[in-house]
Number of protein chains: 2
Amino acid sequence: MQGTGIRQSLTSIIPKIEAIVGREHVTTAEEDLLCYAYDAANRHYRPDAVAFPATADEVSNILKLANENRFFVVPRGAGTGMTGGALAVQGGLVLAMTRFNRILAIDIDNLVAEVGPGVVTGHFQEVVEGKGLFYPPDPSSASFSTLGGNVAECAGGPRAVKYGVTRDYVLGLEVVLPTGEIIGTGVRTAKGVVGYDLTRLMVGSEGTLGVITKIVLRLFPLPEAVRTLSVVFSRIQDAASTVCEIIRSGVIPRTIEYMDHWAIRCVEDYLTRLPSPDTAYSLRNSMHGNGGQETGLSADAGAMLLIEVDGSVSAVEAAMRDLTETCRKCGAYQVNVASSAQEAKELWRARQSISPALFRLGPDKINEDIVVPRNRIPDMVEWIDELRNKTGLTIVTFGHAGDGNIHFNIMLDRRDKEALEKAESAIEELFAQTLALGGTISGEHGVGITKAPYIGMEIGSQELALMKRIKAVFDPNGILNPGKIF
Amino acid sequence: MQGTGIRQSLTSIIPKIEAIVGREHVTTAEEDLLCYAYDAANRHYRPDAVAFPATADEVSNILKLANENRFFVVPRGAGTGMTGGALAVQGGLVLAMTRFNRILAIDIDNLVAEVGPGVVTGHFQEVVEGKGLFYPPDPSSASFSTLGGNVAECAGGPRAVKYGVTRDYVLGLEVVLPTGEIIGTGVRTAKGVVGYDLTRLMVGSEGTLGVITKIVLRLFPLPEAVRTLSVVFSRIQDAASTVCEIIRSGVIPRTIEYMDHWAIRCVEDYLTRLPSPDTAYSLRNSMHGNGGQETGLSADAGAMLLIEVDGSVSAVEAAMRDLTETCRKCGAYQVNVASSAQEAKELWRARQSISPALFRLGPDKINEDIVVPRNRIPDMVEWIDELRNKTGLTIVTFGHAGDGNIHFNIMLDRRDKEALEKAESAIEELFAQTLALGGTISGEHGVGITKAPYIGMEIGSQELALMKRIKAVFDPNGILNPGKIF
């Protein structure tokens, strides 16, 4: 999609960008560029400059300038994306949207909020909860991620089992098209079907079709009660089958999170000890039966489910009874209901520390985000077990089992070329197996650059051609976020 | 969008269409063409032929033929659309999708179904409910409408308050593009973010971007309990304010339907008497204070709410108590909980007979489908009252108050030119007022042909231009469903 003749250096353009956003809101300082050269995908691409616009008009003027002078523009939220969506892979100007950080309106009667894209997700959640309202989407990076980034990537999170993903909460948008027009999409009401659904076309388009400058979000009333249950199984297969049994029983928890044996051990270790390469070594070796200390819960735990239910007090109590029964029947050897909000918080702290904890198993992580139909999770975990045995790779899985959404992690040292090659071939096998089971290669992380090489495994050539034609309609000169998705 | 040189007569092409679908699945008989000349928008456009394809390949071959020979193709479900989406307004071939009427799969574990677009909505609901599952979208025409039509128009219905609209249930599609390619969109899993969201771009595109040949739908477990409440107010304003109070109280019923005084009277009359022009005359006159018989409930009833709650038995009981209290506090003089499923069914029969019952007030109906933010309903009903007084028009309103979705009806005799002109100008005023209150001119009926003249009131010229460019990407020769939306 990239236009030809795009200039890599912005030097002569900088004064014009400064004239648009103000001199203090543009930087080309090396130390700043380094800060904006990475995101959570852990790849590095140094942009030529970073601008911090504050209004849709400023964004519009920058995009017009980019078309006139043919330079690339890459919108960026908090840089918490896992697939490289915010990276200036071909250089150009990063458009940091952090100054769009105002909650513009919270309308309690209509359960609607209007926000800037730079508002931090977790902050927004706290503010609406303070008003008795609820914004369900909860990507694990919610403490840092911005709502604009969430919309661009269609972020998910644990609560999607019951509440769906970001897409389901976006009613309307203000978007600056790559060619500079400021458009409005969607509605501020519960329903609305006038014209094509530009809103959902923007959601999940990974910053390639426009720059979001305002978001209208749907809210719910805050549930009366929430209870959290941790359930431990000896056999990972039993945990996997339990997920379907729960849904069959007619209970829809708001989360059914799962961690495998290795995720549990890493977290336990991470939360109780100081970082130690020895521990990491010992943990890693014990995965492949080479000894290692076996202590505490983790010695016997094949897998754990973290289940959360919300609703009215009575409904939640009834659901907890049903869930406990279902889990026991499915072979759980430990079912603990968190007795306080503090205890529930501790359980979630464990869940949220999985990602950093995994680095006890290796300095680098290759992280995938596959989804299989819920009832194929048992097949998938079995297949992953075989893959682990076959390859000798350090593989840890956890994720949103209620959705069939498994985060698959290979921990390794990227300098170890042999391991890296083995890992890359394992990822391709993983994707093929996922698709064979009727799944998708990206549940909530998008495609970005890390999955772009694999998109053809899932999306056919006709569909890709159609998507590229849509991209060309929005961005005829290919100036916006090049090199992403396809 | 219409290509030039489109041939109006299909005579020479019919043998080729017959060769694709079989001679017995094409008709040009005048009596058949008349049957396919109308839909619920009550306008008549005679097509040149009707074909009944049975496979995506057949649809593909017809669309390729249409591009080669430049004739129009208009996809059609059951013809229950309210804005003329299924009408061959410029002639051509109607593609009746009724033979795609198989439920292909119901996957209980994954809460997913796969259906042909010709499956009747109500039939599908019954089948899934028989398996303990639930498909919430419930357009009032569900007994006749097809799922393909529901997807094309993004149909809503009463339950949208809690459960959203058709869009929220479509996971993936098989679509034949106007140029004949058969594509797959979306996923069969709860999450999926690979590439642009072609699925939601198709939903609500009113048959202008492709012909749907398969639909993957999300299901819910069937709620354990449902209870129905009818609430009567003297003052319509009190009914309108109650809607917001209910949501503020934290209870989200699955429906909050409303009917005004005139809707109640028509329904009462319709369900208890034989059709009689005298009654109609009397009813119509009494709207503007010219007497008329005042009997039964309807004499005092300013408005009625029909509220339905679902969930676990205990949650539903608790919600009914809260709702009764809220309604009484807001001035309801009658709150009746349906004591049996049969009684609830009777209440819904009354609700569903509003549309036919209105014809007691006039031989023709102009029917609009506006949405305002929920807390602006009181303003809107007041404004409509003033409009009724100002114009002397026979105006009746009912609708999905929980969504702010009001069905606004003018009953008249189209042969009365003066009344028709007055009505048309009232509609334009209605749309302007709706938009001024932050609403939308179409909540669930689409734009089709009846609202196309007004689309510019809601959608800006840049947005419309973008939509037209998207249409051109899909349908470069403008052969599919011309004259709709814009």
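This structure is a prediction, so every number in the text was calculated from the model and none was measured. Just so we're on the same page: letters track the sequence lines, and every chain starts at 1.
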Checklist entry - In terms of heavy-atom proximity below 4.5 Å to chain A, should B:V473 be classed as side chain, backbone, both, or neither? => result both
Checklist entry - Are B:Y196 and A:K471 close enough, and set up right, to give a side chain to side chain contact (heavy atoms under 4.5 Å, CB included), and what steps lead you there? => result CA-CA 9 Å; B:Y196 297 149; A:K471 165 72 174 172; 3.7 Å; yes
Item to check | Close side-chain approach of B:I470 and A:L201, heavy atoms under 4.5 Å | outcome: yes
Item to check | Pick from A:G404, A:G195, A:G402 with the largest number of heavy-atom pairs that fall under 4.5 Å of chain B | outcome: A:G195
Checklist entry - Which residue out of A:L209, A:I182, A:I459, A:V316 racks up the most heavy-atom pairs below 4.5 Å with chain B? => result A:L209
Checklist outcome for this item: Scored by heavy-atom pairs under 4.5 Å with chain A, the best of B:V194, B:I183, B:V447 is B:V194
Item to check | Residue pair B:E463 / A:E181, side-chain heavy-atom distance below 4.5 Å | outcome: no
Item to check | Most chain B-contacting option - heavy-atom pairs closer than 4.5 Å, from A:R374, A:E444, A:E458 | outcome: A:R374
Item to check | Pick from A:C244, A:G204, A:S312 with the largest number of heavy-atom pairs that fall under 4.5 Å of chain B | outcome: A:C244
Checklist entry - What option among A:T189, A:V112, A:T440 has the most heavy-atom pairs under 4.5 Å with chain B? => result A:T189
Next on the checklist: I need the residue from B:P373, B:A190, B:A315 with the largest number of non-hydrogen atom pairs under 4.5 Å to chain A.
Outcome noted: B:P373
Checklist entry - So which of A:L177, A:D197, A:N375 has the biggest tally of heavy-atom pairs under 4.5 Å with chain B? => result A:N375
Next on the checklist: Need one label for B:L198: side chain, backbone, both or neither, based on atoms under 4.5 Å from any heavy atom in chain A.
Outcome noted: side chain
Item to check | Which of B:G184, B:A319, B:A318 touches chain A most, by non-hydrogen pairs under 4.5 Å | outcome: B:G184
Item to check | Heavy-atom side-chain proximity of B:V187 to A:V371 below 4.5 angstrom | outcome: no
Next on the checklist: Which atoms of B:N110 are under 4.5 Å from chain A, going by heavy atoms: the side chain, the backbone, both sets, or neither?
Outcome noted: both
Checklist outcome for this item: What one should report as the nearest heavy-atom pair of B:L111 and A:I247 is CD1-CG2, 3.5 Å
Item to check | Contact origin within B:D369 toward chain A - heavy atom pairs under 4.5 Å | outcome: neither
Checklist entry - For B:R167, is it the side chain, the backbone, both or neither that has a heavy atom under 4.5 Å from a heavy atom of chain A? => result side chain
Item to check | Pick from B:E206, B:R248, B:R188, B:H400 with the largest number of heavy-atom pairs that fall under 4.5 Å of chain A | outcome: B:R248
Item to check | Residues B:D403, A:K191: salt bridge by 4.0 Å N-O rule | outcome: yes
Item to check | B:V372 portion near chain A, given a 4.5 angstrom heavy-atom threshold | outcome: backbone
